[in-house]
Amino acid sequence: ITSRDPNSLSEDEVERFARLDIDPDTITWQRVIDTNDRYLRKITVGQSATEKGFTRETQFDISVASEIMAVLALTSSLADMRKRLGKMVVASDRKGNPVTADDLGVGGALTVLMKDAIRPNLMQTLEGTPVFVHAGPFANI
């Protein structure tokens, strides 16, 4: 591909450039936030003029209910977490094939972000008893 203008690409060049060919209607990864706000359950993104009319409906989930937190709760080692995070399906392509986090090239980055979360935290109960907590509430979905 030699052209720098995306509008001048041939159909074959567009297909080679966008090899994953993700269908935006099948994206399963939602944005996450640590606040439960019902108004964020359905939102429309891409309304800015810079998005060139590519809008889509999406939503926010609470962080502890995300698939990443479920992986954290089920993982047995850092290598296991890397493997599980990479296998998460984030969307489908236009032919119906699954697109994973590793297909996007983000499995390693996710692991780096979560590497310290795999360690349990030492906390204290209301009675003052020390307790190890790993993956908190909802993370075992």
Side-chain angles (χ1 to χ4, degrees), residues 1-7 9-141:
I1 301 173
T2 57
S3 175
R4 293 183 181 263
D5 178 17
N7 295 326
L9 295 177
S10 70
E11 193 66 35
D12 181 53
E13 289 173 326
V14 169
E15 188 171 328
R16 280 190 287 144
F17 176 75
R19 68 179 179 84
L20 294 177
D21 198 24
I22 294 174
D23 180 356
D25 294 332
T26 66
I27 296 173
T28 58
W29 257 9
Q30 309 300 337
R31 290 159 169 77
V32 295
I33 191 169
D34 281 333
T35 304
N36 187 10
D37 187 341
R38 292 184 184 276
Y39 284 103
L40 297 176
R41 289 194 178 166
K42 285 289 181 196
I43 60 171
T44 303
V45 295
Q47 295 180 3
S48 171
T50 58
E51 301 302 318
K52 301 180 182 178
F54 293 107
T55 62
R56 70 179 183 90
E57 278 194 8
T58 187
Q59 68 186 38
F60 278 87
D61 291 333
I62 55 175
S63 300
V64 294
S66 70
E67 186 174 1
I68 292 173
M69 291 302 287
V71 166
L72 173 66
L74 295 171
T75 195
S76 60
S77 67
L78 192 61
D80 179 52
M81 182 166 52
R82 168 63 180 93
K83 183 178 165 185
R84 289 174 185 259
L85 289 171
K87 287 183 174 182
M88 287 190 304
V89 175
V90 299
S92 297
D93 64 17
R94 295 190 194 277
K95 295 177 183 171
N97 300 314
V99 177
T100 66
D102 273 346
D103 291 335
L104 295 176
V106 299
L110 287 168
T111 306
V112 169
L113 288 171
M114 297 296 291
K115 70 179 174 56
D116 292 329
I118 198 171
R119 298 181 183 150
N121 293 314
L122 178 60
M123 300 180 85
Q124 181 175 326
T125 66
L126 292 175
E127 294 81 23
T129 307
V131 61
F132 282 111
V133 175
H134 179 256
F138 295 107
N140 59 352
I141 293 175

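Numbering of residues begins at 1 and proceeds along the displayed sequence. Note that this is a predicted model, so its numbers are computed, not measured. Both backbone and side-chain heavy atoms feed into the values below; hydrogens, waters and symmetry mates do not.
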What is the distance from atom [atom1] of [X] to atom [atom2] of [Y], rounded to the nearest 0.5 Å?
{"X": "K115", "Y": "I118", "atom1": "NZ", "atom2": "CD1", "result": "11.5 Å"}
{"X": "N121", "Y": "F132", "atom1": "CG", "atom2": "CZ", "result": "9.5 Å"}
{"X": "I62", "Y": "L40", "atom1": "CD1", "atom2": "CG", "result": "12.5 Å"}
{"X": "E57", "Y": "T44", "atom1": "CD", "atom2": "OG1", "result": "5.0 Å"}
{"X": "M88", "Y": "L110", "atom1": "CE", "atom2": "CG", "result": "5.5 Å"}
{"X": "R82", "Y": "S77", "atom1": "CZ", "atom2": "OG", "result": "12.5 Å"}

Over all atoms of both residues, closest heavy-atom pair of [X] and [Y]:
{"X": "G46", "Y": "E51", "answer": "O-CB, 3.4 Å"}
{"X": "L122", "Y": "P130", "answer": "CD1-CB, 4.0 Å"}
{"X": "A91", "Y": "I27", "answer": "CB-CA, 3.8 Å"}

What's the verdict on side chain to side chain contact (heavy atoms under 4.5 Å, CB included) for L104 and I22, showing C-alpha distance, side-chain angles and the deciding distance? CA-CA 10 Å; L104 295 176; I22 294 174; 3.8 Å; yes
Are the side chains of R31 and D61 in touch, meaning some heavy atoms are under 4.5 Å apart? no
Would you check if M114 and L72 make a side-chain contact, meaning some heavy-atom pair closer than 4.5 Å?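 Side chain of M114 against side chain of L72, heavy atoms only: contact under 4.5 Å found.
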Donor-acceptor pair, distance only, cut-off 3.5 Å: does the side chain of [X] make one with the backbone of [Y]?
{"X": "S92", "Y": "P98", "result": "no"}
{"X": "N97", "Y": "D93", "result": "no"}
{"X": "D23", "Y": "D25", "result": "yes"}

Check: T58/Q30 side-chain N/O donor and acceptor closer than 3.5 Å: yes
Verify the distance criterion only: is there a donor paired with an acceptor across the side chains of T75 and D80 at less than 3.5 Å? yes
Let's go through V45 and R56 carefully: what are the C-alpha distance in whole Å and the side-chain angles of both, what is the deciding distance for side chain to side chain contact (heavy atoms under 4.5 Å, CB included) to 0.1 Å, and is it a yes or a no? CA-CA 6 Å; V45 295; R56 70 179 183 90; 3.8 Å; yes
In sequence, state the C-alpha distance, the side-chain angles, and the governing distance for L78 and R119, and then conclude on side chain to side chain contact (heavy atoms under 4.5 Å, CB included). CA-CA 10 Å; L78 192 61; R119 298 181 183 150; over 6 Å; no
Any ion pair linking D103 and K87 (charged N to carboxylate O, less than 4.0 Å)? no
Show, in sequence, the C-alpha distance, side-chain angles and deciding distance for R84 and L74, and conclude whether the side chain to side chain contact (heavy atoms under 4.5 Å, CB included) test is met. CA-CA 9 Å; R84 289 174 185 259; L74 295 171; 3.8 Å; yes
